[in-house]
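All remarks here apply to the structure that follows.
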Amino acid sequence: MLIEFRTPPNINEWVKNYGPGSAEREELKAALKKAKSKAIEIPMVIGGKNVKGKKKIPIHPPHELKHKLGAYYLGEKKHVAEAIDAALKAKHEWEHTRWDERAAVFLRAADLLRYGWRQKMNAATMLCQSKNVHQSEIDAVCELADFFRFNVHFMQQIYAEQPYSPEGVRNSMDYRPLEGFVLAITPFNFTSIAGNLPTAPALMGNTVVWKPASTQIYSAWTIMELLREAGLPKGVINLITSPGSVTGEAALNHPELAGVHFTGSTATFQHIWKTIGNNISKYKSYPRIVGETGGKDFVIAHPSADVASLVTALTRGAFEYQGQKCSAASRAYIPANLWKQVKEGLQRDIASFKIGSPEDFSNFINAVIDAGAFDKITSYIRRAKKDKQEIIAGGNFSSKEGYFIEPTVIVAKKPGYVTMCEEIFGPVLTVYVYPEKKFEEALELVDTTSPYGLTGAIFSQDRKAISIASQKLRYAAGNFYINDKPTGAVVGQQPFGGSRASGTNDKAGSYLNLIRWTSPRAIKENLNPPKDYRYPFMM
């Protein structure tokens, strides 16, 4: 007999500070040294087995291109097919595993991560994705552990939601996993997202084919190792390292595709959606499509805004992790009465930033992820210079030793300038200075300038202005912040996701995402079934 299992208390993982002389600082330095001391070869994991391909692709830290961290084996179409077969083979046993036993795998993974694996995961993320220690700690350790632990709670919450049963009837809901396999496609910028996208469906009884971004494979492999040590059965999550086009051709055309869990570019997500639509008659069931894509996230200041708080929100919100967050502040609307002070504050803060390797803990800014990102971001800076837009900070860049771009602030002459509209995904903030008496007109610009709807923030000390902004910008952001930067959503506190061109708004970090990986079955048991077809009215 199964006695009801109760999940642990929902407490977000505490962020360590890594101050000088702290034990965690010394432990991390040792982990970084160890990770750099030996280049590793990263296989795929299919059906629990390590699988190698024919070609190896080298992995270099974005901030230290001369150093080789290791290499991964490039996957082929046959590997995708093998991973799908492995997922389907493992499905029956996994979906019939008791829910508390499935939960135990991820609860153990959370505790392993918080203790013995903490610095190994931090080192992998700092070196692979060029994150400073704080950005890595809040992402690769705290948020990932939160996903593992809170998702178990959300699963229990879903299973506990049962229908009313009147006298003579027993009603219940069976939250089945989806029929088929789930394809998880994960981004480079958050190790926690890379861990959550395959594990959330798996927790609900699904089996998964996981394709991480090529620039995140080093830390993705660390996640896979962690899950294996936590007891994840073979074939439940299958890690493949094939190119996106190869993965898509094999997986999106398979009749057993049950769902796609995606974080990445809007263009790629739209292509996936279109491909599924074109293939809809092939599938055994209608695939679930869950995606979080781009953002052109805003900060708007009311004339009453506190300048010091506003400046800090802009410098942190726009430039932490080099602006490579889908939630990063990318456009700001500042009233003319505050602009002089805000400008001085931005210039002062940015001038104090140190740029370089994350292994030097005094560096606030590190490298962008790869050459493609470097070229795209710098093309916007070059264009702004050519178009004679005012650049009040930064504007310089170099890829000699790593992909370094100075945090850059552009002041747009018009609110529709390209860098106010298009997603850049780098350390570039564009400001438009609006007449202080035209706050509501500025809100209209915020709402209509960009096709995205992910995050945004209002700074004001006037409660009426906050209320007006909240209503006018109701669909401009799925995560809306008042007197705070538009980044840093916490699992269980601010469920994350947006709509419009930013995705399906299925809110990672809440039960709303988990329930998408179920196919509910309503069950009615008649405790006293009738024995005659006749109704009383017929008498």
Give a yes or no on this: more than 12 heavy atoms of other residues, nucleotides or ligands lie within 6.0 Å of atom [atom1] of [X].
{"X": "Glu24", "atom1": "CD", "value": "yes"}
{"X": "Glu401", "atom1": "CD", "value": "no"}
{"X": "Tyr175", "atom1": "OH", "value": "yes"}
{"X": "Lys376", "atom1": "NZ", "value": "yes"}
{"X": "Lys234", "atom1": "NZ", "value": "no"}

Atom pair [atom1] ([X]) and [atom2] ([Y]), whose distance is rounded to the nearest 0.5 Å:
{"X": "His63", "Y": "Ile369", "atom1": "NE2", "atom2": "CD1", "answer": "10.0 Å"}
{"X": "Leu28", "Y": "Met121", "atom1": "CG", "atom2": "CE", "answer": "13.0 Å"}
{"X": "Ile46", "Y": "Lys78", "atom1": "CD1", "atom2": "NZ", "answer": "9.5 Å"}
{"X": "Glu406", "Y": "Asn396", "atom1": "CD", "atom2": "CG", "answer": "4.0 Å"}
{"X": "Glu292", "Y": "Thr266", "atom1": "CD", "atom2": "OG1", "answer": "9.0 Å"}

Answer yes or no: is there a donor N or O on one side and an acceptor on the other, between the side chain of [X] and the main chain of [Y], under 3.5 Å?
{"X": "Thr199", "Y": "Ala202", "answer": "no"}
{"X": "Lys16", "Y": "Tyr18", "answer": "no"}
{"X": "Ser22", "Y": "Arg25", "answer": "yes"}
{"X": "Gln324", "Y": "Asn189", "answer": "no"}
{"X": "Thr97", "Y": "Glu93", "answer": "yes"}
{"X": "Ser136", "Y": "Val133", "answer": "no"}
{"X": "Lys507", "Y": "Phe496", "answer": "no"}
{"X": "Asn12", "Y": "Val491", "answer": "yes"}
{"X": "Arg288", "Y": "Arg516", "answer": "yes"}
{"X": "Ser502", "Y": "Gly294", "answer": "yes"}

Within-4.5 Å side-chain heavy-atom neighbours: [X] and [Y]:
{"X": "Trp221", "Y": "Leu239", "value": "yes"}
{"X": "Phe148", "Y": "Leu226", "value": "yes"}
{"X": "Lys89", "Y": "Asp85", "value": "no"}
{"X": "Arg228", "Y": "Val45", "value": "yes"}
{"X": "Val182", "Y": "Thr207", "value": "no"}
{"X": "Tyr159", "Y": "Met204", "value": "yes"}
{"X": "Gln216", "Y": "Phe190", "value": "no"}
{"X": "Ile350", "Y": "Phe319", "value": "yes"}

Can you tell which of Asn122, Asn132, Thr125 makes a side chain to side chain donor-acceptor pair (under 3.5 Å) with Glu137?
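Exactly one pass, corresponding to Asn122.
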Charged tip of [X] within 45° of [Y] ring normal and under 6.0 Å:
{"X": "Lys296", "Y": "Tyr452", "value": "no"}
{"X": "Lys55", "Y": "Tyr72", "value": "no"}
{"X": "Lys91", "Y": "Trp94", "value": "no"}

Side-chain donor-acceptor pair under 3.5 Å between [X] and [Y], yes or no?
{"X": "Asn253", "Y": "Lys282", "result": "yes"}
{"X": "Asn479", "Y": "Gln494", "result": "no"}
{"X": "Tyr380", "Y": "Glu422", "result": "yes"}
{"X": "His153", "Y": "Asn10", "result": "yes"}
{"X": "His261", "Y": "Asn513", "result": "yes"}
{"X": "Asp139", "Y": "Ser192", "result": "yes"}
{"X": "Thr378", "Y": "Arg382", "result": "yes"}
{"X": "Ser327", "Y": "Thr455", "result": "no"}
{"X": "Lys34", "Y": "Gln119", "result": "no"}
{"X": "His79", "Y": "Ser242", "result": "no"}

Residue pair [X] / [Y]: nearest heavy atoms and the distance that separates them:
{"X": "Tyr511", "Y": "Gln157", "answer": "CD2-NE2, 3.9 Å"}
{"X": "Trp14", "Y": "Cys142", "answer": "O-SG, 3.6 Å"}
{"X": "Asn363", "Y": "Lys354", "answer": "OD1-CB, 3.4 Å"}

Are Lys400 and Ser398 close enough, and set up right, to give a side-chain hydrogen bond (donor to acceptor under 3.5 Å, both in side chains), and what steps lead you there?
CA-CA 6 Å; Lys400 185 178 180 181; Ser398 172; over 6 Å; no
Checking Gln129 now: which residues fulfil side-chain hydrogen bond (donor to acceptor under 3.5 Å, both in side chains) with it, not counting sequence neighbours?
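So Gln129 forms a side-chain hydrogen bond (donor to acceptor under 3.5 Å, both in side chains) with Thr191, Ser219.
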Lys/Arg N to Asp/Glu carboxylate O, [X] vs [Y], below 4.0 Å:
{"X": "Lys77", "Y": "Glu249", "answer": "yes"}
{"X": "Glu359", "Y": "Lys29", "answer": "no"}
{"X": "Asp111", "Y": "Arg114", "answer": "yes"}
{"X": "Arg176", "Y": "Glu95", "answer": "no"}
{"X": "Asp297", "Y": "Arg331", "answer": "no"}
{"X": "Glu13", "Y": "Arg149", "answer": "no"}

Parallel under 30°, tilted from 30 to 60°, perpendicular over 60°: which one fits the rings of Trp273 and Phe269?
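Rings of Trp273 and Phe269: perpendicular, over 60°.
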On the 0 to 90° scale, with breaks at 30° and 60°, tag the Tyr403-Phe374 ring pair as parallel, tilted or perpendicular.
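Tilted, since the angle between the ring planes falls between 30° and 60°.
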Quick one: are the ring centres of His254 and Phe181 less than 6.0 Å apart?
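Centroid distance His254-Phe181: below 6.0 Å, so yes.
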